[in-house]
Amino acid sequence: MNGSEFVPLSLVPMLTGIFVAVACALPGNFLVLRRQALIGDAISHVVLPGIVVAFLLTGVVSTWPMLLGAAGAAIIAVVAIEAVRRLGRIEAGAAMGVIFTAMFAGGVLLLEQSDTSSVHLDVEHALYGNLESLIWLDATGWSSLWDPVALAGVPVELPRMALTFVGVALFTVLFWRPLKISTFDEGFARTIGMRTDLLGLALVIVAAIAAVAAFDAVGSIIVIAMFICPPAAARLMTNRLEWQVAWSVLFAVIAAVLGYVLAGYGPLWLGLVDSVSAAGMIATVSGVILGLAALFGPHRLRGSAAPIG
Amino acid sequence: MIRDALLLQLGYNATLVTLGAALLGMAAGVGGTFLFLRKRALVSDAISHATLPGVALAFIVMVALGGDGRNLVGLLTGAAVSAALGLLIVTWLSSKTRLAEDAAIGAVLSVFFGFGIVLLTVIQTMTAGRQAGLEGFLLGSTAGMLRSDALVIAVSAALTLALVLLMRRPLTLASFDPEFARSTGQNVTRTDLIMMALVLAVTVVGLKIVGLILIVALLIIPPVTARFWTERTDHVVLIAGLLGGVSAYVGAAISAAMPNVPTGPIIVLVGFALFACSLLLSPARGVVSAYLRHRAYQRQVHLRQGLLALAHGQPIYERLTLRLLRRQGWALPDGVATPEGQGRAARAMRDETRWQVIRRDPAYEAAAARYDGLTPIESVLTADQIAEVDSRIEVAT
């Protein structure tokens with residue numbers, strides 16, 4: 001494959017996939033360790049009604065109203081889950097299940113009732129997005145990367161996802177120590193004066209931002225997979241958080257690249273004509289990575305906290 | 001139209017599906033209760049998402065064998081196999097590796113679903129797959145269902161319900177108090193397996209009606225709702241079954257009247273509406289009753305403090321207190337006590353003085369511990385004891 005085919009067709013989806021994967025995997029590390037792994041699942045369900053309402057209010061599929069709608073829905077969901085949990089004295093998992101299924105159902109119903117036939121907005125799209133459609137029409141080859149005219153035509157999802165990735169990475173680096181301490185020993189973190197509640201909330205908000213930004217580009221299924229699979233696999237590879245995060249980034253990148261390539265070219269190798277869903281394939285590859293780590297990872301067992309160094 | 005549907009007037013198939021949905025809803029409510037009590041409600045989310053690759057593979061295999069890919073029994077068998085595999089992996093990941101159960105659930109859910117999506121796109125490229133209609137399994141669709149499919153669903157829902165009812169006693173015991181169940185010789189591991197098999201059955205049977213994304217709601221919302229109405233496990237089971245049945249029945253009926261809308265979301269929203277009503281109106285845990293209780297308590301505290309202020313001859317500036325005292329006819333608008341108010345105030349004052357005495361005396365320690373500024377002293381001391389306390393007060397003054 002040469003540059004004149006690769007750059008316009010595959011470069012943008014692949015880079016977007018990588019940014020999505022890493023932006024979700026970074027907060028995912030802490031969510032998995034804090035046993036809040038299913039927050040990604042909940043977020044990606046509840047943003048649907050927010051996006052639909054934003055569309056119904058503005059009448060167009062555009063970025064900012066949808067991000068605002070999704071963020072609003074996520075906040076409503078967090079408040080509602082907390083309210084159900086406190087008022088009904090109900091376990092967090094069940095409270096989450098009640099709210100996210102109800103909000104998703106509401107979103108689907110709104111979507112089906114409203115006239116969205118003219119725009120690209122349906123349930124399937126929300127679930128598995130359309131990574132393959134991010135085609136860079138203005139590119140002619142590798143040289144387009146230095147051509148400002150062609151660069152102006154890059155699908156908006158890529159710069160947005162890159163920005164999200166930078167934001168998430170900055171958050172992780174800047175709050176590294178507090179995040180690490182409060183994740184492993186919340187009581188200790190509190191005794192040295194950390195606001196662990198605020199930090200936990202900030203982590204959930206960062207995860208929500210990553211999820212919402214990614215949701216629009218690639219659908220919710222990658223988001224859920226990337227929040228959990230790379231960090232979980234990385235957890236089985238090492239006992240050190242620094243290495244775990246590094247492993248998870250590596251796994252996320254491998255899943256994104258390999259998944260995209262397998263989805264685009266795998267069927268051709270098997271003699272089929274059309275490609276398959278890239279989002280689904282990326283999730284599948286991340287699952288295979290997790291499976292391998294669970295079978296062969298050096299720290300896969302409980303209590304395998306071997307002395308470090 | 002909707003009334004016709006609710007009264008089962010929309011034809012044989014719609015009636016069959018609606019009744020099947022009601023039976024399934026009951027089974028889901030009852031089965032979900034045990035899952036909820038074991039705090040494993042979200043495991044069902046992994047199970048339901050894990051059905052997708054099974055459905056798609058079953059379709060591909062049936063087409064490859066030259067059959068009709070849409071045979072419901074075949075598709076549901078595939079769903080059951082891959083859901084069981086997903087459940088096995090969740091169990092294996094959370095027991096054999098250091099990963100927690102929530103990470104295992106999320107991983108299985110997303111990976112199986114992602115793989116299912118891959119297979120769905122494969123099916124779309126197959127010639128037989130263009131009209132496969134497998135998307136109906138995502139959100140449920142009962143419109144235009146074949147009679148044989150409707151029969152399959154109704155019968156298997158009835159069987160699932162029968163199984164739940166049959167297993168209700170060991171399940172109740174194991175989910176309410178696993179330690180005790182073990183000590184009575186019950187094999188709790190096996191009971192857990194049966195519970196999971198039930199959840200699996202509900203999920204698979206519900207695929208066509210509710211859809212795999214939302215079936216988890218049918219297992220979670222009814223038990224959570226039922227919890228608002230009772231504190232007893234056996235009652236939770238009953239009420240959850242009832243609520244599940246009602247939401248599935250009403251939802252399926254509405255959907256039969258509105259063929260363009262997927263069935264699952266409607267059923268879930270009916271269930272959620274019942275939940276929201278319970279959250280507001282339940283007598284013991286509801287928001288309204290909690291608010292009323294809070295107001296009554298607030299009134300009591302303000303009245304008591306107001307009476308003590310009157311007894312001390314202090315002016316009352318607090319508006320709510322003054323208003324409450326006036327409404328009782330114990331004080332005039334300017335804060336001066338009425339004759340009845342004076343009597344009440346003196347009595348409150350005497351009560352308070354008695355409390356102060358017994359709180360200083362170690363002999364009354366147990367009774368004094370109940371002091372909260374509101375409890376009347378007659379409810380903790382006998383008449384003799386009060387007389388004894390009063391004699392001490394007289395000596396002191």
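Neither the backbone nor the side chain of B:Ala290 comes within contact range of chain A, judged by heavy atoms closer than 4.5 Å. With a 4.5 angstrom heavy-atom cutoff, A:Phe100 touches chain B only via side-chain atoms. Heavy-atom distances place the backbone of B:Lys96, and not its side chain, under 4.5 Å from chain A.
With values rounded to the nearest 0.5 angstrom, A:Ile221 atom CD1 is found 9.0 Å from B:Leu52 atom CG. Taken from NE2 in A:His299 to OG1 in B:Thr97, the straight-line distance is 13.5 Å, to the nearest 0.5 Å. The line from CD of B:Glu101 to CG of A:Leu38 is 9.5 Å long, rounded to the nearest 0.5 Å. In this structure, the separation between CZ on A:Arg35 and CG on B:Asp102 is 7.0 Å, given to the nearest 0.5 Å. For the atom pair CD1 of B:Ile117 and CD1 of A:Ile282, the computed distance is 13.5 Å after rounding to the nearest 0.5 Å. Here the CG-CD1 distance, from B:Leu109 to A:Ile228, works out to 7.5 Å after rounding to the nearest 0.5 Å.
Per-residue heavy-atom pair counts under 4.5 Å with chain A were compared for B:Gly106, B:Ser278, B:Ala41, and the maximum is reached by B:Gly106. Interface summary for chain B: among A:Ile90, A:Ile224, A:Val98, the most heavy-atom pairs under 4.5 angstrom belong to A:Val98.
Interface with chain A: from residues 85-92 of chain B, residues B:Trp92 qualify, criterion being any non-hydrogen pair under 4.5 Å. Interface residues of residues 215-224 of chain B toward chain A, defined by a heavy-atom distance below 4.5 Å and sorted by number: B:Val216, B:Ala217, B:Ile220, B:Ile221, B:Val224.
Residues satisfying the ring-ring contact (aromatic ring centres under 6.0 Å, His included) test with B:Phe36, not counting sequence neighbours, are none.
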Pairs under 3.5 angstrom only: tabulate donor-acceptor contacts from the side chains of residues 263-271 of chain B to other protein residues two or more places apart or in another chain.
from     : atom 1 : to       : atom 2 : distance (Å)
B:Thr263 : OG1    : B:Thr142 : N      : 3.2
B:Thr263 : OG1    : B:Thr142 : OG1    : 3.1
B:Thr263 : OG1    : B:Ser255 : OG     : 3.2

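In terms of modelled atom types and a separation under 3.5 Å, the side chain of A:Arg235 and the main chain of B:Arg98 share no donor-acceptor contact. Although no hydrogens or angles enter the test, the distance criterion places no donor-acceptor pair under 3.5 Å between the side chain of A:Ser277 and the main chain of B:Thr121.
Residues A:Leu290 and B:Leu99 have side chains in contact (heavy-atom distance under 4.5 Å, counting atoms from C-beta outward).
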**OP:** Show your reasoning for whether side-chain contact (heavy atoms from CB on, under 4.5 Å) applies to B:Leu139 and A:Phe104.
**Re:** CA-CA 11 Å; B:Leu139 292 167; A:Phe104 187 78; 4.0 Å; yes
Original post:
Run the side-chain contact (heavy atoms from CB on, under 4.5 Å) check on A:Val84 and B:Phe275 step by step: do they pass?
Top reply: CA-CA 10 Å; A:Val84 168; B:Phe275 166 79; 3.7 Å; yes
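A pairwise comparison of heavy atoms in B:Leu42 and A:Met96 identifies CD1-CE, 4.0 Å as the closest pair. B:Ser110 and A:Ala283 get closest at one heavy-atom pair: O-CB, 3.9 Å. The shortest heavy-atom contact between B:Val118 and A:Gly280 is CG2-C, 3.3 Å. Residues B:Leu214 and A:Ala105 share a closest heavy-atom pair of CD1-CB, 4.0 Å.
For A:Phe184, the CZ atom is densely surrounded, since the number of other residues' heavy atoms within 6.0 Å is greater than 12.
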